[in-house]
Amino acid sequence: MDTQKDQVTIELNDTRLEARQGQMLIEVADANGVSIPRFCYHKKLSVSANCRMCLVEVENAPKMLPACATPVTDGMKAWTKSPKAIAAQKSVMEFLLINHPLDCPVCDQGGECDLQEMALGYGGDTSRYTEGKRIIKEKDYGSLVSTEMSRCIHCTRCVRFGVEIAGIPEIGGTGRGDHMQIGTYVQKALSSELSGNIIDLCPVGALLSKPFLFSARSWELKSVPGVAPHDAVGSNIQIQTRNGKVMRVIPQENEAVNEIWISDRDRFSYLALDSEDRVTQPMVRNSDGQLVETDWQSALEAAVNGMKMVASTDGGGALGALASPSSTTEEFYLLQKLMRGLGSNSVDHRLRQQDFSGQSDQIAPQLGTTLQQIEQQNAVLIVGSDIQREQPLLSHRIRKAALSGAAVSTVNPDGIEFNFPLSGEVVTDQLTPALSAIARAMVDMGMGGDLSGLSALVADANVEPAHQAVAESLIGGEKAMVLMGEIAYRDQNQAVIYALTGAIASMSGATFSVLTEGANALGGLLAGAVPHRDTADATVDSVGMDVASMVDMAPKGLLLMGIEAESDLAAGPAAADAIRKSEFVVSLSTFADSVTMGKSDVILPLAAFTESSGTFVNAEGEWQSFGGAVAPKGEARPGWKILRVMGTMANLDGFDYNSSEDVLSEVRGLCDQAETEKWSWSALSDLGDASSCTVASTPIYQVDSLVRRSEPLQQTPLAHAGQATTGGAE
Amino acid sequence: MANQVCFRNNHLENSWTLAAYQSSGGYEAVKKILSEKTSPEELIDEIKLSALRGRGGAGFPTGLKWSFMPRNAPGQKYIVCNSDEGEPGTCKDRDILRYNPHQLIEGMLIAGYCIGASAGYNYIRGEFWEPYSRFEVALEEARAAGLLGDNILDSGFDFQLHSHLGAGAYVCGEETALLNSIEGKKGQPRFKPPFPAGFGLYGRPTTINNTESLASIPVILSKGGQWFLDQGLPNAGGEKLFSVSGHVNRPGNYEVPMGTPFSELLEMAGGVRDGHQLKAVIPGGSSTPVVPGDQMMGINMDYDSIASAGSMLGAGSVIVMDETTCMPRVLARLAYFYYEESCGQCTPCREGTGWLSRVTQRIEDGNGAQADIDLLDSVAGNIEGNTICALGDAAAMPVRSFLKHYRDEFQHHIDHKQCMVTSDW
Amino acid sequence: MNMLKKIIRTWTLSELLKGLSVTGRYLFRKKFTLNYPEEKAPQSPRFRGLHALRRYPDGEERCIACKLCEAVCPAMAITIEAAPRDEDAPEINGVGRSRNYGNRRTTKYELDLFKCIFCGYCEEACPVEAIVETRVYEYIFDGRGQNVMTKEALLRIGDEHEPQLAADLEVDGRYR
C-alpha cells in the first residue's frame, strides 16, 4: 500500500540505494555497509547530532550535514568520503583529541575504543594544540562503573541512556562550553538496574567497568556466547574469558530478546564465580559426622547407595528432590528422570511458591506472546510484580509500550515504583479482593463469562473507581496483556489469584502472562521437574510432594541441586530445619552454605553458570542453548554429567548420553510432540483466605546464589534499597 | 527622518506607560484588526509588502516566516519574542523594552492573531532586570485594560503573554536554545530540522521573532506596508535601530532608515572620539566580520551594501574603533567571550572556541609563535559551518576577518613581542 | 693473442702476487680480531641484549601494564597480569602506597628468555620506556626455570644499568 510511496532512491557515494522516507542518512549507510564515523549516534538512542563526526557532503547543501540527523529525501546525493567530507571529519577529530588525555596505554578501553579506531583513520600524527589539556576530577558512580571523565568527549550517550532507556535521569551535563562536565549533579552512586550498559555505550574510556578495571585487554579475551541466568528474559550475553577464567560479561545483541542491553545482575554476577566458598571437591560425611574430601567415584557411590537404601526401606516416595529454578533444562530433565526412576514423583523447583493447591489447573509460567510484541500492547495490567526489579529487560519493553501510549496499570503492594508512567494503580496488601473487584467491574460491564467457583468472591467484591478504571483500560485496549508476577505467584493465595487473574485476562480478551522466579521456570516445568507433571506436561499416576509438603514432611532422602535453603526457599529457616531432619541428604552444590555443609551426607561439586553447557527456556518459550565458557572450578562437574552418572550407577535405563545435546534432543523431542496447551478456565473448590497479606518481592540482588555473592552488586544503592523495604520478608 | 518606528514615542514623558502609548495611537492597530476581523492572510501580505526583515541578525523576511506557520493546525501554537539580546555591542531591544514596551505587546498580539497562537512568551536577557520589571508592569497594565487575556476586546480572540527572564547565557539568544530554556531545560540549541515552525516550544508550532521586528508590526499595520517599505530599501523596508558604541562621542541607539550611509550614522553619533581617526568598524555586532574604517565610510547601512564589504548587518550593533585600538587585544577579548559562552554541546565549538581564545591570548601577550596566525585561521575555518547552531560561525568569523584585515598587527605582536599601535601594553 | 696473454700471466706469477699483495696490505693494518673476553666489541646504543624494566627517578616502576609488549611480542615470550595498585603494595623509596594507589600496575611481568628472539619490538612498543634491552649479553642459566625472568629480576637489572640505559635512550631519543 503505502510502502511504495515511502520508498525513496538516494545516491550515496555515487551508488544508487533504496531507502525509506524519513530514515536518517546514517541508517541507510549502515544498512548498506557504508561506514560513516560517529560517536554520539547510537541506533537505540535519540539523535543528538552533537559530536559532528558524521558530517558528510550533501548535494546543494551549503554546509556539511550530520548524517545522523539528515533525513533522506528522494534524489538526494551524498558523499561520505569526498575531500570536503573527509576534511570536516578530520577537523572534528582534531577538536575531539585536543582535550583528550591520549592515555590509551593505561586506559581499559584501549583496543575496543571508538575514538582510538576513528583517530587511526581521521586523526593527525602530531597535535597542533600546545596548551594544557582539560582535566576533570574523578567522579564516583558507585561500585559498578568507574569513571575517568577527563577522557569524556561529551557525546551524551550516557545522558540519553539515563533519560530514554533507564528512565532515571541520573546523569547530565553541567557547565557550559569547555567547562561542561558529564556527571551525576550531586555525587552519588548510580541506582538504575541497567546502569552497566553505559559502559558499553561510552565510545571512549570515560565510563568503564569497575570490577574489570585493568584486569585484561580486549584482545586477550576469548568470547563465548551464553545466556544470563537470573531472569526469565534469557538475555543473550558474551562471556569473555582469559586463561580459563571469566573476566567479564557483555551483552550479545538479540533484537528479539534483550535488544542490546543486559541488566547489571547479568553483567556483574560472574564475580561470584571466584567466591571463596565455592565447593570444589566431592565430600562425604564419615561415621564421625565429619565431611571429608574424597574422589568422585566414592562420592557418587555413597550418594546413589544412600538414596537406593532409603528407597528400598521406605519406598521411592520417601525421596524428594529440590532444584534451583535457574538449573538448565537438561539438569531438570535428568533430575526428574532419576527421581522417577527411583520411584518418586517428588521433584520441584518452585522454591519461592507457597500455595500449590491450584497447580494441576495451572499452565507453565510463560509470557503467552513474544517479548517484542509487548511493545505493541495498548493496555497492560501488572498483577503483583515489581517487574522493573524482577525482570529488568522485560520491564524495559513495557516501558517502551507505556511511553508510546499504552495504558499500564498495576495491582501491587505499597512502595513499588516504576520508571514508566502508570495509567491506573491499585495499591493493596491483599491481592485477592482487589482482583475480585476488577473482575466484578468487568462482569458489571457485561464481559462476564462463567466464573463458577469464583462467582461468590467476585459478587461480594467492592468496586472502587480505581478498579473500574483498570477494567476499562483493559477492555478498551485492542492488544492487552495481564501479567502476573512473582509477588502474586508467591502469594499464599496463589491458586485464587491465579484464577482471578486468568479470569480477568480471558474476560477482557487479553494475553495472560505468568512470570516467576529463576531463569528457567518454564524449562523446569516442560522437563517435568514438578511433582504433578511428567516431561512435556504428561500426567503422572500419583502427585508427588511439592516444595511446601517437602518442607512440612521432611522426606527421608533429599537430593538438592544448586540450592541454598535459607535464602532460596520461601520457607527459609523452616526449609533448613526440614533438611536437617531428613535422614539422607545429597547436595549438588556450587557454594558451601551453612545448611549444605552442616547437614549433607554427600556433597557433589556442581559447575556454576559459565562452566556448564545447557539450555534455558525463556518466558517467551524460546529454547536458548549455550556451551560452557570455562572449565568448572576444581573438581566441580556440570549437573547433567553428575546426574547421568548417578542414573547409570543406580542401574536405571536410558542414562547413556554422550553430551548435553543428547539430553536436550530427547527433552525437546518429547516437548515438540506434546500439544501446546492453552490455559482454560476450571472451577476452584478452595477459595483460600482472602485476607492474607502478600509477601514482598525478592530483592533484585538477592534472587540467587550468584548475585548474593557478587560484592559490587551488593554495594549498589539498589541492593540497600531492597534490604530496607523488604528485608523482613525472607 | 528618524525615530519613526520603535522609538516613535521616546519623546513622550513616561513613554513606557499605557497612557503615553495610547496617546500616540497605540493599540489602535490591534483594535482595528480585532473589530474588523481582518484575515491573517491579508495582514501577512501587508507585512510581506513592507519588506520587514528580521532584526535579530539573520534578516529573514518576517512575513515569509509567519506564512510558514501551520496556522490552521489544531492544538496550541506559540509566538515567542527573542529579547535575549546578548550580542556584544547590541542594546536596541533593551531600549524598546524600557521606553516602548506596549508597542512590543501590541506587536505580539497581532503576531499571535496572524499565526493562530493564543499564547506568547517574551524571553528577556538575564541581565535585563530593569527592562524586565518595566515589561512586567506594562503586561499588568495591558491585562488590566483588557488588552491581554481571554476574549480581548470582546473579539473572541484569546491571547496570554508572559515574560521569561533568562539566566545570562549568550547561547539562549539562539532560537532553539531559547525554547529549551523556556521549557526549563539546559539552554542548548536543538539541531534543525525540525524547525520551530513545525516542532517548537513544548513540541508545538512556534514562531520566534526579534523584539524589534515585533515592535515594528503595529506601525506597519497602522501606517501601511507601503509606507514602511518607502522608508527603507526595496528589499529591506523601514527604519532600523543601530546601537553605536565604541570610540564615538555620543554612543547610543539611533533609529534611521535602512540604507543610511555609515558616515551619516557616525555623524549622528557625534563622530569619532575627538582628535582620533576611524580605524575599523564591526558593523553588526561582535560576531560579524570587521570592516576597515575607510572602506566603511563608503558604504550604507543595509544588508546588501554591508555584505559587499564582506560583513553583515547583523543586529545593527556598530562598534567603532579608532587608531589607538590594538586589534589582537580586541580579538583576544572577543574570542574569550565566545569561549565562555559556548554551550558545550557540539565538538567544534566546545573545543575550538577554547583553542581560539588561548591562541589569541597568547599572541596578545607576545608569546605567539610564527605558525600561530595560520593555526588560528585554520582552526576558525574548521569550526565554521560544522556546528549545530550559528554560535560556532559567530566565533570563527571575527577571527578570520581580523586576520584578513590586520594580519600585520598580529605579526608584529609575534615578531616584536609588543603592540604596534599602543604603548599601553 | 689471448693465448699469449694467458701464458705470460701464468709464467710471471702475476695473479699470485696480486693476491699476496692483499695479504701483505692487511698484515700491516690495524687488526680486526678481538681477544674476547679480554677485549669487547663496541656496542651501539641500540644494542639488543638482556631485558630490563626501568624505574622513574623517584623509584616508582615505569611499567603501566598496558600489555603492548605482550601483544607485539612475536615469540609470545612476555606474560603480564595487571591490577589496580592496592594499598598493600610495598613502598618503593617512600612512594607507592599513597601516590600511586589505584593506578594501573603489573602484578606479574614474566619474560621467557628461551622464547625471546631479541627483536626489540617490546622496547619499541613501550609507551613509557619501561621495558628496554640492555647492553648485557653475557649471562648464563644454571638451573631450570631461570630462563623465565620475573618482574623483580627485570627491575633489578634495570636498577643496575640505569645510567647506561638512560644515556642510550637519550642518544636514540631523537630518532624516535
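Numbers restart at 1 for each chain; the letters A, B, ... are given by sequence-line order, proteins then strands. For clarity, every value in this text was computed on a predicted model and none was experimentally measured.
- With a 6.0 Å radius and a threshold of 12 heavy atoms from other residues, nucleotides or ligands, A/K77 has its NZ atom at or below the threshold.
- The most heavy-atom pairs under 4.5 Å with chain A, out of B/T387, B/T353, B/V379, come from B/T387.
- The interface of residues 150-163 of chain A with chain B, defined by heavy-atom distances below 4.5 Å, comprises A/I153, A/H154.
- Contact residues of residues 47-60 of chain A toward chain B are A/V47, A/S48, A/A49, A/N50, A/C51, A/R52, A/L55 (heavy-atom distance under 4.5 Å).
- The candidate with the highest count of non-hydrogen atom pairs below 4.5 Å against chain B, out of A/C40, A/G173, A/G172, A/P66, is A/G173.
- To the nearest 0.5 Å, atom CG of residue A/L65 and atom CZ of residue B/F191 are 12.0 Å apart.
- No more than 12 heavy atoms of other residues, nucleotides or ligands shown are found within 6.0 angstrom of OH on B/Y336.
- Heavy-atom pairs under 4.5 Å with chain A were tallied for B/A369, B/C343, B/G187; the largest tally goes to B/C343.
- The two atoms that bring A/L96 and B/T347 nearest to each other are CD2-CG2, 3.3 Å, heavy atoms only.
- Between B/Y339 and A/H179, the two ring planes are tilted [angle within 30° to 60°].
- For NZ of A/K43, the number of neighbouring non-hydrogen atoms (other residues, nucleotides, ligands) closer than 6.0 Å is 12 at most.
- Scanning for side chain to side chain donor-acceptor pair (under 3.5 Å) contacts around B/R362 gives A/T130, A/E131, B/D372, with sequence neighbours left out.
- Enclosure of atom NZ in A/K133 by more than 12 non-hydrogen atoms of other residues, nucleotides or ligands within 6.0 angstrom is indicated.
- In this structure B/N382 satisfies the side chain to side chain contact (heavy atoms under 4.5 Å, CB included) test together with A/S91, A/E94, A/F95, A/R128, B/S378, sequence neighbours excluded.
- Of the listed residues (A/K63, A/K90, A/M64), the greatest number of heavy-atom pairs within a distance under 4.5 Å of chain B belongs to A/K63.
- In terms of heavy atoms, B/G168 sits closest to A/R176 at O-NH1, 3.6 Å.
- When every heavy atom of B/G354 is checked against every heavy atom of A/D178, the shortest pair comes out as CA-OD2, 4.3 Å.
- The distance from the OG1 atom of A/T174 to the NZ atom of B/K186 is 6.5 Å, given to the nearest 0.5 Å.
- At a 4.5 Å heavy-atom cutoff, the contact between B/Q188 and chain A is made by side-chain atoms alone.
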